[in-house]
Amino acid sequence: MSPRVYVETQGCQMNDHDADRLRDLLEADGYLSTTRPEEADLLVLNTCAVREKAAEKVFSLLGVWRAFKEAHPGTLIAVGGCVASQEGEDLLARAPFVDVVFGPQTLARLPELLAERRRAGRPAVDVSFPGLEKFALAPPPPSGPSAYVTVMEGCSRYCSFCIVPYTRGAAASRTLSAVLTEVRRLVAAGVREVTLLGQNVDAWRDAGEGFDFADLLYALAEVPGLGRVRFTTSHPADLTDGVIRAFAELPVLAPHLHLPVQSGSDRILGLMKRGYTAAEYRARVEALRRARPGIALGTDFIVGYPGETEEDFAESLALVETVGFDHAFSFAYSPRPGTPAAGADPVPEAVARARLARLQERLEAAARRAREALVGREETVLLERPARRGRGEVAGRTGGHHWVNLAAPPGALGGFARVRITAALTNTLRGRYLAPVAESPAAIALPT
Ligand code: SAM
Ligand code: F3S
């Protein structure tokens with residue numbers, strides 16, 4: 001009988017995609033995926049170190065897995081991702097029962113590291129930064145009409161609160177031709193929408209050929225059968241006029257952008273080393289809205305950054321009102337070991353928590369207004385999967401990244417459809433199926 005592998009992942013979409021890559025790699029190595037950790041012969045944890053007590057969560061889950069291992073001697077435990085990258089060998093001091101430690105850039109070496117562990121009889125650790133090595137693997141097969149394509153690894157911006165440059169390494173981009181080849185293969189396998197992934201996608205470059213991120217978007221617009229392109233995450237200081245022009249000129253680009261602002265206060269943005277002011281952020285948003293009227297905007301905020309005063313915080317609240325975000329993630333600042341901000345005087349936890357609750361209330365109200373404004377409108381929706389609550393319905397996303405549940409005719413799943421939005425619910429929309437959409441970007445008209 002084939003050995004079984006259980007993969008658990010935490011954190012961002014890049015980690016989700018890395019987890020798919022890991023499952024695929026281990027299945028090719030003879031494992032069978034299971035959803036039951038207690039029966040696995042190999043347990044893999046793909047960790048996230050971006051926020052709050054990440055390492056604590058990892059060690060408490062590893063404690064549970066240790067019991068599985070004690071019940072089934074011979075079970076192996078591998079820990080990857082950003083906590084593994086940060087801790088390296090030190091992870092073994094706290095969890096000596098772990099067999100393999102690997103990083104975001106060495107995940108393709110997992111089968112070798114497992115073999116080394118078996119051969120040498122001691123844990124194998126490799127959290128080095130070999131760059132783009134993992135992309136030599138065949139990409140994981142798509143699980144529906146929407147797929148992720150990682151276009152770059154790492155980040156070189158070093159925002160003062162962020163652990164990513166230390167755990168994922170410096171920015172390194174895949175070539176234009178590697179990305180195009182992967183996208184064409186996905187389209188041939190039935191994919192209609194791709195989301196390009198990178199910690200800072202605007203920094204993508206094909207240095208050899210002299211292409212920047214806007215060039216990549218224009219090249220993707222030429223791929224026959226590709227109906228929609230999204231990308232995340234954008235950095236406001238790196239979002240070029242070329243990318244904004246692409247929103248005006250390329251119907252294939254979804255009318256949606258996630259553009260993390262982090263704070264509305266220039267003083268805090270300076271301390272964070274973000275490289276833009278609140279006015280410059282607003283100016284980018286205005287340019288985007290001129291290029292693509294109605295574009296849906298998402299963002300990230302951090303509250304309680306060291307030194308944040310009530311006045312600074314009020315500027316974040318004001319930004320929510322003036323910009324009007326459709327989607328947002330907001331977090332209380334969490335010191336990340338080894339980052340420049342970690343040594344600074346913290347804002348008291350209770351103050352940060354109270355500010356977060358106030359900000360989230362405003363963000364939720366803004367998101368509700370954005371959903372309600374869609375009621376009665378006709379939207380192009382990619383019908384991605386059966387709806388979670390059954391009833392034979394399907395779920396899909398609008399161009400603006402709003403989830404819609406609706407009843408659709410047989411065979412409609414996997415394609416684009418015109419949908420009338422009939423109601424705005426707490427987190428989703430309801431819609432009525434109108435008609436299928438020809439799968440060509442030209443059919444998804446730009447607003448005039
Ligand atoms: N590359 C993206 C950008 O340009 O901001 C985001 C990367 S980060 C993995 C995702 C989000 O986590 C950030 O936008 C930020 O809001 C949040 N984040 C990162 N470090 C944090 C920290 N130390 N404390 C709280 N939130 C944090
Ligand atoms: Fe982190 Fe800033 Fe890069 S938030 S991922 S260092 S753009």
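Just so you know, residue 1 is the first one in the sequence shown, and it goes up from there. What you see is a predicted model; the values in this text were computed from it and never measured. Each ligand, and each atom within it, is numbered from 1 in the order the structure gives.
- Figure legend: cation-pi geometry between Arg94 and Phe59, with NZ or CZ positioned under 6.0 Å from the six-membered ring centre and within 45° of its axis.
- Scanning His258, Arg168, Gln199 for the heavy atom closest to atom 2 (C) of ligand 1 points to Gln199.
- Contacts with ligand 2 closer than 4.0 Å are made by side-chain heavy atoms of Pro165 only, the backbone lying farther away.
- Any N or O atom pair closer than 3.5 Å counts here, and Phe161 shares at least one such pair with ligand 1.
- If you check the side chains of Thr106 and Asp126, you find no donor sitting under 3.5 Å from an acceptor.
- For the residues Arg274, Arg336, Gln13, Arg51, the heavy atom positioned nearest atom 18 (N) of ligand 1 is part of Arg51.
- Side chains of His401 and Arg230: no donor on one and acceptor on the other come within 3.5 Å.
- Protein heavy atom closest to atom 23 (N) of ligand 1, with residue, atom name and distance, is Ser334 O, 2.8 Å.
- Neither the backbone nor the side chain of Cys155 has any atom closer than 4.0 Å to an atom of ligand 1 (non-hydrogen atoms only).
- We find that Asp212 and Arg205 are not joined by a salt bridge, their nearest charged nitrogen and carboxylate oxygen being 4.0 Å or further apart.
- Ligand 1 has an N or O atom lying under 3.5 Å from an N or O atom of Gln262, backbone or side chain.
- Numbered from 1 in the order shown, with element, the atoms of ligand 2 that lie under 4.0 Å from a heavy atom of Phe161 read 4 (S).
- For the residue pair Gln13 and Thr232, no side-chain donor N or O sits within less than 3.5 Å of a side-chain acceptor on the partner.
- Residue contacts with ligand 2 for Tyr158 involve N, CA, C or O but no side-chain atom from C-beta outward (heavy atoms, distance under 4.0 Å).
- For ligand 1, the polar-atom distance check finds no N/O of His235 at less than 3.5 Å from any of the ligand's N/O atoms.
- For the residue pair Gln10/Thr47, the side-chain donor-acceptor check at 3.5 Å is not satisfied.
- The closest approach between a heavy atom of Gly11 and any atom of ligand 1 is not below 4.0 Å.
- Salt-bridge check for Arg282 with Glu315: failed, with every basic side-chain N at 4.0 Å or more from each acidic carboxylate O.
- For ligand 2, the atoms lying closer than 4.0 Å to a non-hydrogen atom of Arg274 are 2 (Fe), 4 (S).
- Between Arg284 and the choices Leu257, Leu239, Val261, the side-chain contact (heavy atoms from CB on, under 4.5 Å) rule is met once, by Leu239.
- Atom 11 (C) of ligand 1 has as its closest protein heavy atom Asp300 OD2, 3.4 Å.
- In summary, the side chains of Gln262 and Tyr305 do not present any donor paired with an acceptor at a separation below 3.5 Å, with no hydrogens or angles considered.
- Checking Arg430 against Thr428 by side-chain atom types alone, no donor-acceptor pair falls below 3.5 Å.
- Close contacts between ligand 2 and Cys162 involve ligand atoms 1 (Fe), 4 (S), 5 (S), 6 (S) [criterion: under 4.0 Å to a heavy atom].
- Counting only non-hydrogen atoms, the option in Val261, Val50, Leu259, Ile163 that gets closest to atom 19 (C) of ligand 1 is Val50.
- Protein heavy atom closest to atom 3 (Fe) of ligand 2, with residue, atom name and distance, is Cys155 SG, 2.3 Å.
- The closest heavy-atom contact to atom 2 (Fe) of ligand 2, among the options Pro236, Cys159, Ser156, comes from Cys159.
- Residues His258 and Asp300 bring a donor and an acceptor atom of their side chains to less than 3.5 Å of each other.
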